[in-house]
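Just so it is clear, the structure is predicted and the values come from calculations on it, not from any experiment. Scope of the values below: all heavy atoms of this structure, side chains included, with no hydrogens, waters or symmetry mates. Every number for a ligand or one of its atoms is a count from 1 in the order of the listing.
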Amino acid sequence: MVHVGIGYDVHQLVVGRKLVLGGVEIPHPKGLDGHSDADALMHAICDAVLGALGEEDIGHFFPNTDPRWKGVPSKIFLEEAAKQVDRRNAKIVNIDATLIAQAPKIYPYIAGMKKCIAAALGISGQQVGIKATTNELMGFIGREEGIAAMAVASVDLP
Ligand code: MG
């Protein structure tokens, strides 16, 4: 039976951090703040996959109080989510995600993000959808104080 999971994440944009989204480093005057590399897109996808399995969330598997996860690339979180899928002999059907960022322009990086996400999850790039939108200058995202990501995952469970 196909199960669906949802994920959401947001991180603050600050000066002095690299901006990493979907495993791709994007040149920008500010980056996302967080314990790991703060890749909000990968975190949202990770929660979507874990959610489809009925598992606990990313914070349970990788607490932000644990020094092991400090500054790590978020692909390791996706690799763990994929391991959880394997453990149940399940298969990811597809992932779909939306990034909400006022700046920078995301479109040029989407192909690279799909590659990184697909590689971390052990699926094909054609199973990964990524879209991006601005927040029409409204709210904290519109003021470029943060970037958010939403994701869904469908997983075929035996
Ligand atoms: Mg996060």
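In plain terms, the two heavy atoms of Leu50 and Ile58 that are nearest each other are CD1-N, 3.8 Å. Between Ile141 and Gln102, the closest heavy-atom pair is O-CB, 3.2 Å. Contact detail for Leu41 and Ala97: the closest heavy-atom pair is CD1-CB, 3.6 Å.
Aromatic ring orientation, Phe62 versus Phe77: tilted (interplanar angle from 30° to 60°).
With waters neither drawn nor counted, the protein N/O/S atoms under 2.8 Å from the Mg ion (ligand 1) amount to 3.
Taking the side chain to side chain donor-acceptor pair (under 3.5 Å) definition, one finds that Asp37 meets it with Ser74, sequence neighbours left out.
Side chains of Asn64 and His35: a donor-acceptor N/O pair is absent below 3.5 angstrom, by distance only.
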